[in-house]
Amino acid sequence: MKYLSCCLLLIFLTGCATLSQQDCQRGDWFGLGLQDGRTGAANDRLHDHQKACSEYGIALNDTQYLAGREQGLKEYCRIENAFKEGLDGHDYHHVCPPAIDAVFSRYHAAAFAVHKERAELDRIDSELSSKENNLSDKKLSDKDRDRIRNDIRQLSRNRDRTRDDLYYHERQLDDFRHESLSYR
């Protein structure tokens, strides 16, 4: 049992590090910054990398990392990427330059709202399906059957509201996509 606890602790601790020892030894700081920029990683990611590599006695080259990150952010901070990132459910960490940050944030938020509503609709549909399957159980009491029917009615109402919200957010997203054409 003690061995298992130690293994789990080791897995947990290594899971927290942003870089492996090989990554730190490789020293491709520009490439690492480029990758972080392209994915819109938060500004404190550099600190996380520095901390990870310091555990192996390796110093990160900030200048190379920041140059790569800046180039990666040029790719990430394209307006059309705000829609893709939001629809994919990725958070936006306000890493784009001030000139574009507000617009990127607004478009990302609209796309992210669509992502969330779709996920909620899927969750509700799954729960509805499960409840409906439970109704076919012959062993249910009348009281349990009534409770499940009430749950189904409530879920159906929630589903209708969520579909309305999704429709609203999809229309808003379409409007923003048309608006975004002026930024290209």
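Each residue takes its place number in the sequence, starting with 1. Everything quoted here is computed from the prediction, not taken from an experiment.
- Hydrophobic cluster membership is shared by Leu60 and Tyr56, with clusters built from Ile, Leu, Val, Met, Phe, Trp and Tyr side chains linked at under 4.5 angstrom.
- Nearest heavy-atom pair across Glu132 and Ile152 is CG-CD1, 3.8 Å.
- Using cut-offs of 30° and 60° for the angle between ring planes, the His115 and Phe112 rings count as tilted.
- Once rounded to the nearest 0.5 Å, the distance linking CG of Asp62 with CG of Leu46 reads 5.0 Å.
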Could you give me the CA-CA distance, side-chain angles and deciding distance for Thr39 and Tyr76, then say whether side-chain contact (heavy atoms from CB on, under 4.5 Å) is met? CA-CA 7 Å; Thr39 60; Tyr76 176 82; 5.8 Å; no
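- For the atom pair CG of Leu166 and CG of Leu121, the computed distance is 6.5 Å after rounding to the nearest 0.5 Å.
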Please assess Gln35 against Arg45 for the test side-chain contact (heavy atoms from CB on, under 4.5 Å), listing each intermediate value before the final yes or no. CA-CA 11 Å; Gln35 177 185 345; Arg45 189 76 167 168; over 6 Å; no
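- Taking Glu85 as the reference, nothing meets the salt bridge (charged side-chain N to carboxylate O under 4.0 Å, His left out) condition, with sequence neighbours excluded.
- A side-chain donor-acceptor contact under 3.5 Å links Ser141 to the backbone of Asp144.
- Looking only at side-chain heavy atoms (C-beta outward), Leu19 and Asp48 stay at 4.5 Å or farther from each other.
- The CG atom of Leu32 sits 8.5 Å away from atom SG of Cys24, with the distance rounded to the nearest 0.5 Å.
- When all heavy atoms of His108 and Gly86 are compared, the pair lying nearest together is CD2-N, 3.5 Å.
- Between Leu128 and Ser156, the closest heavy-atom pair is CD2-OG, 4.0 Å.
- Applying the side-chain contact (heavy atoms from CB on, under 4.5 Å) rule to Arg171 yields the partners Tyr167; only residues at least two apart in sequence or on another chain are considered.
- Between Phe30 atom CZ and Thr63 atom OG1 the span is 12.5 Å, to the nearest 0.5 Å.
- In this structure, CZ in Arg118 is found 14.0 Å from CG in Asp165, a value given to the nearest 0.5 Å.
- Judged by distance alone, the side chain of Arg145 and the main-chain N or O of Leu135 form a donor-acceptor pair under 3.5 Å.
- Under the 6.0 Å cut-off for aromatic ring centres, Phe176 and His178 do not qualify, their centroids lying 6.0 Å or more apart.
- For His47, the NE2 atom sits in a loose shell: 12 or fewer heavy atoms of surrounding residues, nucleotides or ligands are nearer than 6.0 Å.
- Note that the CZ atom of Arg78 and the CG atom of Leu73 stand 12.0 Å from one another [nearest 0.5 Å].
- Looking at His169, its side chain never comes within 3.5 Å of a backbone N or O of Val114 through a donor-acceptor pair.
- Qualifying side-chain contact (heavy atoms from CB on, under 4.5 Å) partners for Asp146, counting only residues two or more places apart in sequence or in other chains: Arg149.
- By the salt bridge (charged side-chain N to carboxylate O under 4.0 Å, His left out) test, Asp151 pairs with Lys131, Arg147, sequence neighbours left out.
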Can you list the steps and then say if Lys84 with Asp88 is a salt bridge (charged side-chain N to carboxylate O under 4.0 Å, His left out)? CA-CA 6 Å; Lys84 180 189 175 312; Asp88 287 347; 2.8 Å; yes
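- Here salt bridge (charged side-chain N to carboxylate O under 4.0 Å, His left out) pairs that include residues 152-161, with residues two or more places apart or in two chains, are Asp125-Arg159, Asp160-Arg163.
- Arg26 has a carboxylate O that lies under 4.0 Å from a charged side-chain N of Asp23, or vice versa, which qualifies the two as a salt bridge.
- Between the side chains of Gln154 and Asn150, not a single donor N or O lies within less than 3.5 Å of an accepting N or O.
- Between Arg123 and Glu127 there is a salt bridge, since at least one side-chain N of the basic residue sits less than 4.0 Å from a carboxylate O of the acidic one.
- In this structure, His94 and Tyr92 have tilted ring planes: the angle between them lies in the 30° to 60° band.
- Of all heavy-atom pairs spanning Thr18 and Ala52, the tightest one is OG1-CB, 3.9 Å.
- A donor-acceptor contact shorter than 3.5 Å is absent between the side chain of Ser126 and the backbone of Asp122.
- Listed by first and then second residue, the salt bridge (charged side-chain N to carboxylate O under 4.0 Å, His left out) pairs that reach into residues 91-100 come to none, sequence neighbours excluded.
- Between Phe83 and Tyr107, the angle of the ring planes stays under 30°, which puts this pair in the parallel group of the 30/60° scheme.
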Does Asn133 form a side-chain contact (heavy atoms from CB on, under 4.5 Å) with Ser130? I'd like the steps, not just the answer. CA-CA 5 Å; Asn133 286 339; Ser130 175; 5.7 Å; no
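- Remark: side-chain polar atoms of Ser180 are paired, donor with acceptor, to backbone N or O of Arg177 under 3.5 angstrom.
- With a 4.5 Å cut-off on side-chain heavy atoms, Trp29 and Cys53 count as touching.
- In this structure, a donor-acceptor pair under 3.5 Å is present between the side chains of Asn43 and Arg69.
- When side chains are defined from C-beta on, Glu179 counts as touching Arg106, because their heavy atoms get closer than 4.5 Å.
- Nearest heavy-atom pair across Asp101 and Val95 is OD1-N, 4.4 Å.
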What verdict does the side chain to side chain donor-acceptor pair (under 3.5 Å) test give for His49 and Asp36, after you've listed the backbone C-alpha separation in whole Å, the side-chain angles of each residue and the deciding distance to 0.1 Å? CA-CA 11 Å; His49 293 326; Asp36 285 351; 2.6 Å; yes
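- Here the closest heavy-atom approach between residue Gln172 and residue Ala110 is recorded as OE1-CB, 4.1 Å.
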